[in-house]
S.K.: 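Dropping the structure in here first, questions after.
Throughout, a chain's letter reflects where its sequence line sits, starting with A, and its residues are numbered from 1.
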Amino acid sequence: MTLLITVFAALAATAIWYCSESARRLRVGFLSLMFWGAGLMWLVDAVFEYAELHEKFFTPSAADMLNDSYLGVSVVALGLVIWLVTVLVQDPNGVVKAALFGKKVNQ
Amino acid sequence: MACFIVPALEAAAVTVIKKIVEKKEAKAVVPSGAGTDFNAVEKIPFSRKLGWLSNMLWGGSALLAFEHVWHGEVTPWFPFLTAVQEGPEAVSEMLGEMATAGVTMAILVTAVWCGLVAVSSAFERRARRAAEAAK
């Protein structure tokens, strides 16, 4: 579930990056690369787990699925927080600078 | 157990290489008349391509590290890895996982990046050919 949720997040971020010029300015590409990187790493994890568990890998218990889904959503939230902090620090549109130093800039 | 450490180490190495390449690119001599041809197709700097790999590795490692914290394999206090507290058997298991899963993760992400670079290079070549044909 964690892998699936991360891959869907990566797909959504990539689609937004492709479609929107303003999203590209807001470094959505970074977000998409971050999710793709994590997705690829969890894919390797899943392959190793499959090699160990075989068919049991595809029939997880409800509790495991719920825990994995909760983890997946938390991972997406953490990724979004990292991206947001990066955007605010780099401030590509100058919004933060304008908000903090607006008066000084106008002077 | 600690497989994310391998891609994180690669990410650190890539970041250092990216900084060196960026410095070299900044020092590169600009031929006279460069930048005056506005129809010229610009080549994507290699440092930018390294940035894609760096973002994938750092991002992936950070999210994977969070997963390890979630599962109690990494703690925010010394020695940070629960396997180290559990004894030598757990440590050897952790090292084995790093050597197998960790190295495979790093190789897979790098392989995907190589594919990305190859595709972008093909796009650059195509754009350059189109620009030359338009002249």
S.K.: Same cluster for A:L100 and A:L84 if Ile/Leu/Val/Met/Phe/Trp/Tyr side chains link at under 4.5 Å?
M.R.: yes

S.K.: Does B:M105 form a side chain to side chain contact (heavy atoms under 4.5 Å, CB included) with A:D45? I'd like the steps, not just the answer.
M.R.: CA-CA 8 Å; B:M105 282 172 184; A:D45 220 21; 4.1 Å; yes

S.K.: Do A:W36 and B:V112 have side chains that get closer than 4.5 Å, going by heavy atoms?
M.R.: no

S.K.: Check whether A:V47 and A:V7 end up in the same hydrophobic cluster, where Ile, Leu, Val, Met, Phe, Trp and Tyr are linked by side-chain heavy atoms less than 4.5 Å apart.
M.R.: no

S.K.: Distance from B:N55 atom CG to A:R27 atom CZ, nearest 0.5 Å?
M.R.: 6.0 Å

S.K.: If you count the non-hydrogen atoms of other residues, nucleotides and ligands that lie under 6.0 Å from OH in A:Y70, is the total more than 12?
M.R.: no

S.K.: If you define the side chain from C-beta out and look only at heavy atoms, does anything of B:L63 sit under 4.5 Å from A:M41?
M.R.: no

S.K.: Among B:G59, B:A62, B:G60, which residue forms the greatest number of heavy-atom pairs with chain A at distances under 4.5 Å?
M.R.: B:G60

S.K.: Do A:F57 and A:L66 sit in one hydrophobic cluster, given that two such residues count as connected whenever their side-chain heavy atoms are within less than 4.5 Å of each other, even indirectly?
M.R.: no

S.K.: A side-chain contact here means heavy atoms from C-beta on lying under 4.5 Å apart; do A:L71 and B:H71 qualify?
M.R.: yes

S.K.: Just how far is it from atom CG of B:L116 to atom CG of A:L33, taken to the nearest 0.5 Å?
M.R.: 7.0 Å

S.K.: Once you round to the nearest 0.5 Å, how far does CG of A:L43 lie from OG1 of B:T104?
M.R.: 11.0 Å

S.K.: Got A:N67 and B:W70 here, is their nearest side-chain heavy-atom distance under 4.5 Å?
M.R.: yes

S.K.: Decide yes or no for A:W42 and B:E67: does some side-chain heavy atom of the first lie under 4.5 Å from some side-chain heavy atom of the second?
M.R.: yes

S.K.: Among the clusters formed by ILVMFWY side chains lying less than 4.5 Å apart, do A:L78 and A:F30 turn up in the same one?
M.R.: yes

S.K.: Taking all atoms of both residues into account, what is the closest heavy-atom pair of A:S74 and B:F66, and its distance?
M.R.: CB-CE2, 3.7 Å

S.K.: Any chance you could measure A:L40, atom CG, to B:W113, atom CH2, to the nearest 0.5 Å?
M.R.: 14.5 Å

S.K.: Counting only non-hydrogen atoms closer than 4.5 Å, does A:T2 touch chain B with its backbone (N, CA, C, O), its side chain (CB onward), both, or neither?
M.R.: neither

S.K.: CD of B:E93: more than 12 outside heavy atoms within 6.0 angstrom?
M.R.: no

S.K.: Do other residues, nucleotides or ligands put more than 12 heavy atoms under 6.0 Å from B:R126 CZ?
M.R.: no

S.K.: Sort A:L31 into side chain, backbone, both or neither according to what part of it lies under 4.5 angstrom from a heavy atom of chain B.
M.R.: neither

S.K.: Taking a hydrophobic cluster as the set of Ile, Leu, Val, Met, Phe, Trp and Tyr residues connected by side-chain heavy atoms closer than 4.5 Å, whether directly or through intermediates, do A:V95 and A:L26 fall within one such cluster?
M.R.: no

